[in-house]
There are 2 protein chains.
Amino acid sequence: MNLKKLSEKLGLSQTTVSRALNGYPEVNEKTRIRVQEAAKRFNYSPNSRAKGLATGRSMVIGHVIPSAKKHEMVNPIFGDFVAGASDALAHFGYGMMFTRVEADAEEDAYRNMMSNSSVDGVILQGPSVNDARIAMLQRIGMPFVVHGRSSGVTTPYSWVDVNNTRAFKRATQFLTQLGHMRIALLNGREDMDFAVRRREGYIAALEDAGLSVDETLMRSAEMTEGYGHQAMTEMLAAPNPPTAVLAASMISAIGVRRAIEEAGLRMGRDISVVTHDDDLSYLGNGQGAPIFTATRSSVREAGELVAEFLIDQIQNPDSGEKTHLLEAELLVGDSTGPARKGI
Amino acid sequence: MNLKKLSEKLGLSQTTVSRALNGYPEVNEKTRIRVQEAAKRFNYSPNSRAKGLATGRSMVIGHVIPSAKKHEMVNPIFGDFVAGASDALAHFGYGMMFTRVEADAEEDAYRNMMSNSSVDGVILQGPSVNDARIAMLQRIGMPFVVHGRSSGVTTPYSWVDVNNTRAFKRATQFLTQLGHMRIALLNGREDMDFAVRRREGYIAALEDAGLSVDETLMRSAEMTEGYGHQAMTEMLAAPNPPTAVLAASMISAIGVRRAIEEAGLRMGRDISVVTHDDDLSYLGNGQGAPIFTATRSSVREAGELVAEFLIDQIQNPDSGEKTHLLEAELLVGDSTGPARKGI
DNA sequence: ACAGTTTTCCAAAGCGCTTTGAAAATTCGC
DNA sequence: GCGAATTTTCAAAGCGCTTTGGAAAACTGT
C-alpha cells in the first residue's frame, strides 16, 4: 500500500492525503480523520526512503564502530549505552544505525554517511585524547555529540561526560583518609580521554595528601577481567605491595577480587578496592550494601542525554553546543576499610 | 556532489555514469576508469535513499529491541553478538539498524519495517518457547534469521543456535562422573527457549545417572550477577545443600563464586561450578587454565553466521531455510573437582 | 447576489538514483 | 567502402514521497 493507491481509494489527491497524515493545518478535520482511519485500515505507512528523499531527513542517527583487529574487545557498556540512547531516539521517531568499519577507514565512513546523507547525525564513542574525529566531523558539517570529551580539542562541541577527574580524586581521597599510603591505579587505556582524567584525579589526591606517586603502582590497559586479575596478582607478588586499589571498571574489579582471594587475602580487610560502576543492568553492585565501594554513574542515562542533545542539534542547528557533566556518586561498600599496617 | 553534477562534469549522461560505477558491462573500460577516478576525486557516493528507492533494496538489516519495562536488563552478550553480525554484514555492504519499541508494539514495528521497506530483513533475538514472532514474520513475508530456536514452532525457518541440550547434558554428566549427586541448576528465564533446552539436557543426564530431580535445586531467572549470588547463598543455607552447580552464564557464575566464598567455602574443592561461556571479549575465562569449567560457544561466531544466513536469504529468497547448530566445547577449569562427602 | 476572504483541495515538479528502449558511434565482413 | 552487427551512450520514465503555486469551493459582509 502506497500513497498513490491510498489516495485513489479515498478519492483524494496524494497531496491532501500526505498533508492529512502529517498534520498540516490546510486540511479539513473531517477528511483528516477519514484519511487517518483509512491509513490504519489499509495498514499504510509511508516508505521511509521516499520520505527521506523528499524531505532530506533520514530520521536515523549513526554509530560507527571501528574494528581494529578482528577480535578486538567489545565494550561491555555498549549494550546499556545503546539502550539508553535508543529509548530517547525512539521517543523522537529516530532510529539508530550501526556501521562497522576498519579503524583506518573510519574517516571515510563518516564522509560517506555525509555525502550519502544516510544519517542525520552521529554519536561519537570512546574519544581519545586529541581525537581527530571531532575536527573531521566539524569540517564535513555532520551533526554529532560525543560520549565523553577529548582533552586538547579546543573548538567547542557537544558532549556528555562523567566527571572522571573528580570521581577518582574523591575515591583516592576516601582511601587516603582511611590511612592508605600505597594506592594502586589499574586504569583503562590511557590513550582514552577518560583514563587520562581519572589518572589526573588520582594524582591530584595523592599530592594533596602529601603522598608520592609510584609508577610501579600504575597500570593501564583494556578493562577486562583478566587484566584486573593479572595486574593485581603481579602487584601483590612485588615487594611492598599496595594496600588499596582503584579499578577502572566493575569487570576489572572482579578480576582484582579474584587475585586478592587467590593470594589468601580478603578484600575490604587486607586490601581495599574502589571501582567505577557504570551501573550496567546485568552487573548490579550488590542488592543491599554494595559489594564494591564505587564511583557510580549510569551509562544508560548518559546514552539518553547524548541522544537528546543530538536530536536537539539536528532540529535546531544554530542553538549552539550543549554539554553536560554527570557527577558520579561515591558509594561506600564492603570492599574498603582502614589500612592495615604490615600485612 | 550528486550523479547529475558528476555526469555534467564528465560530459556523460547519468545513465552511463551510473552504469560505470555499478559495474555494468555495457560501458567502455576507458570511460569506466575515467568515471571512477572522477567519483573518487569529487568524493561522490550515491545517495543511499535514492538508490534504495530505485532498486527496492535498502541494504540495511533490522534488529528490534523490545523494552518491557523502562529499566529492563540489557543482554550482556548484545555487544559481542552485534560485533560479529556487523562484521559479516559490512562485508556484504549491509548496515544494521536498531529500533527500540515497547514490547507490546513489537509486531507493529515489524509490520512497519515491512510496509516501510526500511530494511531488507531482520534478526530475531532471544526466541521464547513457541515464539509468535516467527509466524508473524513469515506471514508478512519479511526475511529473517533467528538467533536461537523456538520449540513448538513447526514451520521451517532459518536459525543459528547452540546445542544447549547437549552442552548441559555433557556438563551434568561431567559432574555426575565426578561423584556429584546433588547438582543445582541456576537456569536462565525458562520462557526462553535456550533455558528450556538446557534444563532438558540437565534432567536427561540426571536420569541417565539414576539421580532424582530435586525441584529445590532448580532456579530460573534473568542471568545477573546478583541472581547467581542470591540463589547460591540460599541453597547453601538450606539443609542438604548441593555439591555442584550449573550456572547459566559467566556473569551469574561470578555471583555464584562470590556466594561460595562468602560462605567460607572454596570453589572447585567444596563446591563445583560449571557455567556456560559465551566467549565475551571483555570476560575471558582465564588466560591459561580456565577459571570456570564451562561449556563454551562464541556468540560472536553465532552473530556472523546469522548475518551470513540472512544475506543469503535476501539475495536468493528461494534457496530454502538454512540452519546451523553450533556445538559447545566442554572446557575443564579449576572450578570443578570430585564430590566431597559431608561438607 | 456578488466581490472579497478564507478554507480546502489538487496538478505537477522535484528529491537522486536505476533502468528501459532507442539512437549514435564504432567495428566488422566482404 | 558500404550495409550489417555490435558496442557505447543517452533521454526519459519511474521508485514513493513532499511541497509549491494555484484553482475550486465554501464562507464572509453588504
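Letters go in sequence order (proteins before strands), and every chain restarts at 1. Reckoned from all heavy atoms, side chains included, excluding hydrogens, waters and symmetry mates.
- In this structure, the CD atom of Glu8(B) is 11 Å from the P atom of dA11(D), given to the nearest Å.
- Under the 3.5 Å distance criterion, the side-chain polar atoms of Arg133(A) are matched with a main-chain donor or acceptor of Gln125(A).
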Which parts of nucleotides 14-21 of chain C does protein reach within less than 4.0 Å, heavy atoms only, written one letter per nucleotide 5' to 3' as B for base, S for sugar-phosphate only and - for none? BBBBBBBB
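- With rounding to the nearest 0.5 Å, the separation of OG1 in Thr16(B) from CG in Leu21(B) is 10.5 Å.
- Interatomic distance, Tyr44(B) OH to Asn116(A) CG, rounded to the nearest 0.5 Å: 9.5 Å.
- Once rounded to the nearest 0.5 Å, the distance linking CZ of Phe98(B) with CZ of Phe98(A) reads 4.5 Å.
- The OG atom of Ser298(A) sits 8.5 Å away from atom CG of Asp278(A), with the distance rounded to the nearest 0.5 Å.
- Following rounding to the nearest Å, Leu21(A) (CG) and dT19(D) (P) show an atom-to-atom distance of 13 Å.
- The bend of the helix from dA1(C)-dT30(D) to dC30(C)-dG1(D), defined by the angle between the axes of its first five and last five pairs, stands at 30° to the nearest 10°.
- Spacing between atom CZ of Arg57(A) and atom C1' of dT19(D) amounts to 16 Å, rounded to whole angstrom units.
- Rounded to whole Å, atom P of dA24(C) lies 17 Å from atom CG of Leu12(B).
- Interatomic distance, CD of Gln313(A) versus CE of Met142(A), reported as 11.5 Å (0.5 Å rounding).
- Computed from coordinates, the Ile33(A) CD1 to dT8(C) P distance equals 13 Å when rounded to whole Å.
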Trace of the salt bridge (Lys or Arg N to Asp or Glu O under 4.0 Å) decision for Asp193(B) with Arg149(B): CA-CA 7 Å; Asp193(B) 187 78; Arg149(B) 276 172 291 174; 5.3 Å; no
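- A distance of 10.0 Å separates CD in Glu304(A) from OG in Ser86(A), rounded to the nearest 0.5 Å.
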